[in-house]
Amino acid sequence: MGSALVIENDPSDDLRRLGDWLTEAGLELTVLRPHAGDELPETLDGFLALIVLGGDQNAYAAEDGTPGAPWFPALEGLLRKAVRYRVPTLGVCLGGQLLAVAHGGRVERSPSGPEVGPGLIGKRDAADTDPLFKWVPLIPDVIQWHRDEITELPLNAVLLAASSRYPNQAFRIGDRAWGTQFHIECDTDMIEAWARSDTAALDELGYDAESVVAATTGALADVEEVWQPFAQRFAALALGELPDADIPITGAGRTLPLLGQ
């Protein structure tokens with residue numbers, strides 16, 4: 001019996017409630033903290049899934065080519081291997097951005113400014129046949145806290161959810177890898193810590209820290225109602241227990257008509 005590999009990119013964004021939901025669903029977790037010196041494996045051999053969490057770093061390199069974190073090139077390599085070998089993968093916020101960049105997408109500082117606090121996103125039609133997103137409500141509650149955005153999805157990505165200011169809120173690459181721009185793991189303590197450390201984003205938006213924490217705390221029950229079952233389905237997929245894991249192939253068996261017919 002294997003475990004899921006979890007990459008914690010920043011001590012401010014750990015598994016929290018997402019970890020509880022996954023372990024309650026029977027998925028064992030192995031957490032690596034490269035920010036604290038943990039080495040990333042070269043392969044995903046022996047792991048049932050890959051989960052990449054958020055952080056304060058940028059998914060894109062600096063002007064001089066320096067990556068957002070020293071381990072990001074190796075992590076992007078793992079993300080590519082996960083898709084190639086169909087290892088169930090979930091990237092959250094920065095993790096989703098890294099998944100996009102690893103496959104040719106683009107992440108940039110958003111011209112729309114920071115997105116902070118509770119919000120709503122809208123599912124796209126492609127989510128109707130997605131093993132995880134088809135059971136998510138049409139307009140689910142999420143938690144946002146980011147300055148960067150995915151401005152271009154990889155060519156082979158499928159958009160699953162969007163919003164008006166940040167169109168690429170959730171996507172899938174292949175049939176086993178998902179990325180989200182939003183957070184689902186947060187609890188009140190995490191949001192309070194972010195509000196204390198990211199006063200620049202709150203000042204730019206004209207938000208009061210106490211109000212952001214209160215509004216986010218008030219939305220946590222709605223977030224859990226949607227995303228705990230989502231996490232359970234992801235765990236079931238990793239464990240090989242999700243009954244409807246295959247994505248239907250539309251148009252199979254169709255051929256072009258002969259000329260003149």
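Note that these values count all heavy atoms, side chains included, but never hydrogens, waters or copies made by symmetry. All residue numbers refer to positions in the sequence shown, counting from 1.
- The local environment of CD1 in Ile139 is sparse, with at most 12 non-hydrogen atoms from other residues, nucleotides or ligands closer than 6.0 Å.
- When every heavy atom of Pro154 is checked against every heavy atom of Ala100, the shortest pair comes out as CG-O, 3.4 Å.
- Partner of Arg147 under the side-chain contact (heavy atoms from CB on, under 4.5 Å) criterion, chosen from Asn58, Asp198, Val116: Asp198.
- By the ring-ring contact (aromatic ring centres under 6.0 Å, His included) test, Trp145 pairs with Trp194, sequence neighbours left out.
- Salt-bridge annotation for Asp148 and Arg109: present, with a side-chain N of the basic residue lying under 4.0 Å from a carboxylate O of the acidic one.
- Closest of all the heavy-atom pairs between Leu202 and Ala195 is CD1-O, 3.8 Å.
- In this structure, Leu90 is not a member of the same hydrophobic cluster as Tyr85, with clusters built from ILVMFWY side-chain heavy atoms closer than 4.5 Å.
- For Phe182 and Trp227, the ring centers are positioned less than 6.0 Å apart.
- Of the residues listed (Val6, Leu78, Asn9, Leu94), the one engaging Val52 in a side-chain contact (heavy atoms from CB on, under 4.5 Å) is Asn9, and it is the only one.
- A continuous path of ILVMFWY side-chain contacts below 4.5 Å connects Val92 to Val142, so both sit in one hydrophobic cluster.
- Judged purely by atom type and a 3.5 angstrom limit, Lys81 uses its side chain to pair as donor or acceptor with the backbone of Glu42.
- When Asp20, Asp14, Asp13 are each tested for a side-chain hydrogen bond (donor to acceptor under 3.5 Å, both in side chains) with Arg16, only one passes: Asp14.
- The closest donor-acceptor contact from the side chain of Lys123 to the backbone of Val136 lies under 3.5 Å.
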Exercise for the section: Give the C-alpha distance, both sets of side-chain angles, the deciding distance and a yes or no for side chain to side chain contact (heavy atoms under 4.5 Å, CB included) between Ile143 and Ile184. Expected result: CA-CA 6 Å; Ile143 304 298; Ile184 61 176; over 6 Å; no
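- A donor-acceptor contact closer than 3.5 angstrom is absent between the side chains of Glu108 and Gln97.
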Problem - Trace of the side chain to side chain contact (heavy atoms under 4.5 Å, CB included) decision for Phe47 with Thr30 - result: CA-CA 9 Å; Phe47 291 108; Thr30 297; 4.1 Å; yes
Exercise for the section: Could you go through the side chain to side chain contact (heavy atoms under 4.5 Å, CB included) check for Leu18 and Leu15 one step at a time? Expected result: CA-CA 5 Å; Leu18 177 58; Leu15 277 167; 4.2 Å; yes
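- At least one donor-acceptor pair closer than 3.5 Å links the side chain of Arg172 to the backbone N or O of Gly174.
- Within 6.0 Å of CZ in Arg80 there are more than 12 heavy atoms belonging to other residues, nucleotides or ligands.
- Salt bridge absent: Arg176 and Asp130 never bring a charged side-chain N and a carboxylate O closer than 4.0 Å.
- Hydrophobic clustering, with ILVMFWY side chains joined whenever heavy atoms are under 4.5 angstrom apart, keeps Trp178 apart from Tyr166.
- Side chain of Thr23 to backbone of Gly19: a donor-acceptor contact under 3.5 angstrom is found.
- Note that OH of Tyr60 and CD1 of Ile150 are 12.5 Å apart. Values are rounded to the nearest 0.5 Å.
- Here the CG-CG distance, from Asp38 to Leu32, works out to 5.0 Å after rounding to the nearest 0.5 Å.
- Taking the side chain as every heavy atom from C-beta outward, Leu22 and Ile51 approach each other to under 4.5 Å.
- Remark: of the listed residues Asp244, Asp128, Asp125, Asp244 is the sole one forming a salt bridge (charged side-chain N to carboxylate O under 4.0 Å, His left out) with Lys134.
- Linking ILVMFWY residues whenever their side-chain heavy atoms come closer than 4.5 Å, directly or via other members, leaves Leu50 and Leu242 in distinct clusters.
- Of the possible polar contacts, none joining the Ser112 side chain to the Ser110 backbone as a donor-acceptor pair under 3.5 Å is found.
- Put simply, CZ on Arg124 and CG on Asn168 are 9.0 Å apart, with the number rounded to the nearest 0.5 Å.
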Practice task
Check the pair His35 / Glu8 against side chain to side chain donor-acceptor pair (under 3.5 Å), numbers first and verdict last.
Solution key: CA-CA 8 Å; His35 62 81; Glu8 181 186 293; 2.8 Å; yes
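- Minimum interatomic distance between Leu99 and His103 (heavy atoms only, all atoms of both residues): O-ND1, 2.9 Å.
- Between the side chains of Glu149 and Gln181, not a single donor N or O lies within less than 3.5 Å of an accepting N or O.
- Ion pairing between a basic and an acidic side chain is recognised when a charged N comes within 4.0 Å of a carboxylate O; Glu224 and Arg17 show such pairing.
- Residues Phe133 and Trp21 are members of one and the same hydrophobic cluster, defined by side-chain heavy-atom contacts under 4.5 angstrom among Ile, Leu, Val, Met, Phe, Trp and Tyr.
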